[in-house]
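Contents: one structure, followed by commentary.
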Amino acid sequence: MATATRPAPAATTTPPRSVVTRAAAAVAGLAVAVVLVVAPLVSSPYINFQLASIMVFAVALLGLNVIMGYTGQVSLGQSAFLGLGAYITAYGVLNDWPIALSLLLSAVVPAAVGMLVALAAARLRGLALAMITLALPIIGVPLARRFDGFTGGSQGQVVSWLRAPESLGLANDQWRYYVVAVIALVAFLLVRNLVRGRIGRSFAIVKENEAVALSMGVSPYRTKVLAFTIASALGGLSGFMYLAVVQYTSPETLVFATSINLVAAMVIGGSASIVGTALGALYYVLVPVLAGQVNSSRTALISGAVLLAVLFVLPAGLVSLPRRLARRRSARRGTRTAPHDTADDAATPTSTDGSAPAVPAPAATTTDQHP
Amino acid sequence: MSLLELDGVSASYGHADVLHGVSFVLPDNGATGLLGANGAGKTTTLRAISGMVRTTGRIVFDGRDITGLGPDRTAALGIAHVPEGRGTLGQLSVRENLLVGAYRRRDRKQIAVDVDYCLDLFPNLRERVGSNAAALSGGEQQMLAVARAFMAKPRVMLLDEASLGLAPSTARRVYDAVVRLRREAQVAMVVVEQNANLAFSVVDDATVLETGRVALQGSSAELLGMDAVRRAYLGG
Amino acid sequence: MSLRFGGITVLDDVSFDAPRGGILGLVGPNGAGKTSLFNCISGHYQPAAGSILVDGTETVRTPAWRMARLGLARTFQHPALRLDATVLENVLLGAHSWLPGGPVAWALRLPTTRRHEREARARALELVERTGLGWAAHTRADELSHGLHKGVELCRALLARPKLLLLDEPAAGLSHAEVEQLIGTVRAVRQEFDLTVVVVEHHMGLISALTDRVVVLDHGAKLMEGTAAQAQSDPRVVEAYLGKEVGAGEPA
Amino acid sequence: ESSGGLGGDGSSPGITDDSISIGISSPLSGPTAGPGSCTVAGLAAYIEAQNADGGFEFGDGNTRQVEFTYLDDVYDPARAVSNFRQLTDQGIFAYVGALGTPTNAAVMPIAEEEEVPQVLLTTGARTFSEDQEAHPWTTGFVPTYATEGRAFGELLVAADRPITVATLAQNDDFGQSYLDGFTEATEGSQVEVVASATYEPTDTTLDSQVTELAASNADVLLSAVSVTPLQVGVLTKAQSLGWLPSIFLPSNTSTPGTILQPGGAEAYPAVFTPSFSKNPNSPAFAEDEDVQAYNAAFEEYGSQIATTYTPHCTWSYAEGAVLAEAFAGMEEPTRESFMTALRSISDFQAPMLLDGITVDTTSDDEAAISTVELVRYDAGTGGFAPVDGF
Amino acid sequence: MSYFVQVVVDGLSNGAIYAALALAIVLVHRATGLVNFAQGGMAVAATFVAFALTRAGVPVLLALLAAVVFGFVLGALLERGVMRHFERGDPDTAVVATIALLVLLTGASAFFFGYEPQPFPSLFPNRTFEVLGVFVSFRSIGTILVLIAVMVGLQLLFRSTKLGLAMRAVADNPESSALSALPVSRLLMIGWGLAAGLGAVAGVLVAPQLFISPGMLDFVLVYALAAAILGGLDSPVGAVVAAAFIGVAENLAGAYLDVVGDDLKIAVPFVAVMVILVVRPQGLFGRKTTVRV
Ligand SMILES: Nc1ncnc2c1ncn2[C@@H]1O[C@H](COP(=O)(O)OP(=O)(O)OP(=O)(O)O)[C@@H](O)[C@H]1O
Ligand SMILES: Nc1ncnc2c1ncn2[C@@H]1O[C@H](COP(=O)(O)OP(=O)(O)OP(=O)(O)O)[C@@H](O)[C@H]1O
Ligand SMILES: [Mg+2]
Ligand SMILES: [Mg+2]
């Protein structure tokens, strides 16, 4: 054995999450859960509306993250599925379907549409695929106008539904919040499980390298179709939730601009990250509100600047903030001389080094871990 | 006169410190080797020289402190780095790759001559001169990476496992060409090479790295005289 | 078997046979078509003509991802890992073809899928330990040097529990001592899993030490077939491949 | 219990003895931000000028300052709902003057449920004005699109001779209402629609539609186009095809400076448009007192919000006056009282409205302004002249 | 017959609008490997400069030149100040950064000039001429000619100049290019600068028709993206041909397919693009990217 010349790894090592971090995560999770359960009981309808909206777009972003963040296929069409889901739900409500049926179909029909599109397009990659997804909202808007018997045309449809059952003593906004929160919770749990195991690894390798995927028994085509189907289903589901919260749908619901904003929010939150998805939704809903607080007639300027600023500070998304802070702290503690400014000298850092925030904080030295 | 001098060079990726005070001197027209196990820091040393990692310490090239200069700047000064693995421009043709290699040069006619020289040296490349570099076989890409460095007419070449994936005869040919370049064009070189036989056939002296530190330094003959070195690198 | 790209003939009527349980070497000059041959076997390329039988079944039209399920695994000449994932995550991908359960089962985290996942993890860790990478199991791949990536790829391929293993230049970039270690590992796993191995390599030391037979390719055609020793003394091979000074690149 | 309920002292939210707060959400960024900003800017100009002048007189004897809050909804219904909820949460008394059909449609059920006035909307969609029994808290301000279409239909019918018409309409509620009004008026007459086309607001040009319509060689083109560059494109394209019908344009895309002159309207035998407000940039009104007051107020308080002019700026300014009129009639500091006052204004001559156009809110199925005056472009003066027949 | 030709001619003149922006997208993609959503925003900002100048009485041609210079500087500055930060990270982040720039530039243009479309003087005579019953405007002809010139220029730049080669090399692999002494950062700046300068030309060409407003090119961008991708993303000729195809297909569909009608005619080119891409993923004129295992 080559012990004499074996390197002692200088590399940083992330051990499986330590007990401490796990406990911290559990406590944080519990705290968030408590807040999410209690908040609507003590907040105004406006706050509840915002919280519920966050749930709605979190699910839309979750779908987008499955296809784009985890599987690496750019999708510019998520708004089309959101709109489709909302229309199906509206149709169901107006035709007195049981709510469970609306819920089911609001996910299944978009999933089927998404799957059909993917069956045709999943052989493509990169921008060609992006182009095809882009066409969905572009074509969807005039289609929605055309079939006004189903959609209510350009006027849209007001759908007043999902009133709180008398027995619960909840106001409508609270009840609607809990409904969408439960749906969002279930969706998040399922997707979290999915992306952690076998299927998640197949998504990741399709994103990274299709040739390797093939050699490991992963069909990139099927994987993309699967991811796209899931993304569409979640998009549709978020449409159901949208209708529950907004109580109105129109062609404006599925415009292309919404897709673009969703993509931005997904990246801002943190691509390929469950927590990041939730943070992205927070961003999506709250930044326009904040911009309005600052100056309503300069919202574009403000939200553009905020978007850029966040990207500058956290290129890996809001989800990297704790890691970023931890690194800051450890860097301050460390004795190393300050590295020279690489941001200014773009050619200097290596590519792996360039995405600096993605590098985890150094754990304890691991030099003695091998024989 | 020393052409290149490393003095207490340390380097890090993000927050992982990888090199710790590496020093060596490369004389004008010299050839020095870097040896070490996987992960010892050979590649990182070369990257430090050409400015691809964060570096502290002092790197002096031709009397000028180049610590912290980016790779385009060091390349412009005459340092040609043949990187580890695929160092080619995949969607450009073989010929275009060679022309990019000669980017800094103005001597049009001589460039054409040199392209021809490279294609002669590597007949495989001549056969595929119009195809995208990404289509080439692993070894052919390696040849192209070396040829591209030749095209730059550098003053010093940093060869990171230049024989990686090359057939024995081709590997030999590459190093013959390198030696010729050294003789004819006074090109100095730093050689990282797992194939120690090849390495020792071209270098005058060598540095052995272990976990980012200099473990041994000496002339080829001295090093070859050491049992530990022979065992680890030559199996003899 | 033949393979063409545009006007270029990459493989020209090549035939050979890798005996079950054996280790076959595949050598030849650069661009001879060795990797392409692997790509044909693994289904990444469609040969223009000819047939490939794995375990007696024709596989030419079988899509690459099915080949993995039929018991084929490979490494790549240029290591292709997920750089942002840990070594363990990378290796675990190898288990894809035998881990049961579709998306629904995994989304629901059924007890069976959890058990299988634990099992795969344990196997992966064991393999990583064996190849001397245990210390790096939880290190991100981009923090490892090039040579170590090769080891990770090998583990990933082994975790697939293949019957047929294709290794593309596994020794490239390894130091002499590491090559020795690699030889040991390959021998051991061959025995243990009853593997058939085909290995492409320019490192003649490894070829001599490891293989029962070698096939020499040149310009897409088979030049000769025989033992490693026969190949190294065959003048045609010396001419086309090894160069005049036989074994100049190798330890004397 | 909804927020329409009374506060502790019997007053509605958003009103005190010396202040009242109103809010609006309109598109202030994005493609519809031009008109959207104007709906805010004009209203702001009127309100702030009046505030500076001492405040608004109320029917209960108090004088109050109006606190005016505006938000951007980018023409997105979900955002509009969010904004509306935010404004009511902040305690506005009434939601006034918002622009946009889908956005207001999304807000309407909430306004009704919470009994918050959603009034004087700057949209000509019928939904907000017809059947005010069914939605007592919502009213429109500007004439419905159907009103405009009808006015033009009536003009043609009055000519009492066979006339062929080509129609070009936006493929939504705006275009459809226009056509509906027009068809209602021309039913059974000698006026015949011989060609029709629609377009999407996102289209980059309407050349192909105009080419198609030109093939009919109709006498009249009814161009219910609401997008400035597209409307100009229609005018230039028809001309370039050698087709010179009489043209009818909607009130929101007939500004001489931005549409008619660039479109070369003087080439056509006649260009008609319904009008109800004065154009502050027109030399014809340079001496007008209203216009001078408007210009001063706008310069001071509105120009920060809307940099470019659309007629919506003057409309919403007039709206401010209607609001003031409603305040004056309000006997109690409650929303109910406000709605009662607001819906009993008649024959009110608001500033910036053309002579003869008055505000009447007493009808249950019409917007506050329900009459339009057809005018005809006069290339010589660069303004409009009254119409005496087709 | 002349109706048919007229419809085609109208389609071509629409296509010219899409092509103008598509060329800039191609340029930036070739030079940086990115798809730039801010392309329209930069073009509009530069066009507003020309707008302000023409209002102050400067002749259109001079204003155009000034806009091109302004565009170049703007593009180079944005690369230097903003995009450089993202060039080595995740490409998705870089694309979102361009989205941020688009929003920001739109907001900035609106800050100075408002959102409402305003007339913009034409570089070419505002007249039409008639050939065989078909009416063609000088503006369309002029636009098309300028575009063809730009297209040929770009083709030459990339195919036969050292600068073009260097730009392609940097887009392919900046790190590897740096090792050959290519001034990577400067080349990226030049790429952005040229693309924004070209955007200014595009903006000035189409503004007379679309009217200048901060969102002038928002929807054109969608068509332009479709054209650029259909054309093969790296091919100037492809972009122009694809843009013409999209313009004509859309118009013909509107004119002749009654089921489609004016509302859904936009679906026709987009569905066609989808189908073509499924059959030919690299686009009409694109070269397949070589990926090897
Ligand atoms: N991007 C990176 N981030 C963190 N650590 C890194 C990175 N790249 C390399 N390292 C670490 O730096 C050390 C030196 O790596 P280097 O590539 O220089 O080794 P090497 O001697 O060239 O090895 P090999 O023979 O395998 O190529 C290794 O321990 C490796 O794990
Ligand atoms: N996808 C492809 N497109 C075009 N040419 C290809 C492709 N794949 C392989 N080739 C060509 O086929 C020839 C054989 O390549 P291959 O990779 O099989 O060689 P190899 O024997 O593995 O060589 P090396 O030892 O250098 O790795 C090369 O000349 C290569 O350029
Ligand atoms: Mg190395
Ligand atoms: Mg090979």
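Numbered from 1 within each chain, the chains take letters A, B, ... in sequence-line order. Both backbone and side-chain heavy atoms feed into the values below; hydrogens, waters and symmetry mates do not.
Both the backbone and the side chain of A:L190 have a heavy atom closer than 4.5 Å to some heavy atom of chain C. Contact of C:R82 with chain A is made through backbone and side chain together, with heavy-atom distances under 4.5 Å. Heavy atoms closer than 4.5 Å to chain A are found nowhere in C:A160, neither backbone nor side chain. With a 4.5 angstrom heavy-atom cutoff, C:L72 touches chain A only via backbone atoms.
Considering only residues two or more places apart in sequence or on other chains, C:E89 meets the side chain to side chain donor-acceptor pair (under 3.5 Å) condition with C:R121. Taking the side chain to side chain donor-acceptor pair (under 3.5 Å) definition, one finds that C:Q191 meets it with nothing, sequence neighbours left out.
To the nearest 0.5 angstrom, C:R74 atom CZ is 9.0 Å from A:M216 atom CE. We find the CG-CD1 distance between C:L92 and A:I205 to be 12.0 Å, quoted to the nearest 0.5 Å.
Close approach to chain A, defined as a heavy atom under 4.5 Å from one of its heavy atoms, is seen in C:H96, C:S97, C:L99, C:P100, C:G101, C:G102, C:P103, C:W106, C:A107, C:L108 of residues 96-108 of chain C, taken by number.
Annotation: salt bridge (Lys or Arg N to Asp or Glu O under 4.0 Å) contacts involving residues 147-157 of chain C, sequence neighbours excluded, comprise C:E153-C:R156.
Heavy atoms only, all atoms of each residue included: C:D84 and A:E208 are closest at OD1-OE1, 4.4 Å. Closest approach of C:R109 to A:R192, counting heavy atoms only: NH1-NH2, 4.1 Å. Heavy-atom minimum distance, C:E117 versus A:R196: OE2-O, 4.3 Å. When all heavy atoms of A:S215 and C:A68 are compared, the closest pair comes out as O-CB, 3.6 Å.
The choice from A:I199, A:L214, A:V195, A:L194 that makes the most heavy-atom pairs within less than 4.5 Å of chain C is A:L214. Annotation: maximal heavy-atom pairing with chain C below 4.5 Å, among A:L189, A:V218, A:L226, occurs at A:V218. When the candidates A:S202, A:G217, A:A213 are compared by the number of heavy-atom contacts under 4.5 Å with chain C, A:G217 comes out ahead. Contacts with chain A were tallied for C:V87, C:L166, C:L81; C:L81 has the most, counting heavy-atom pairs under 4.5 Å.
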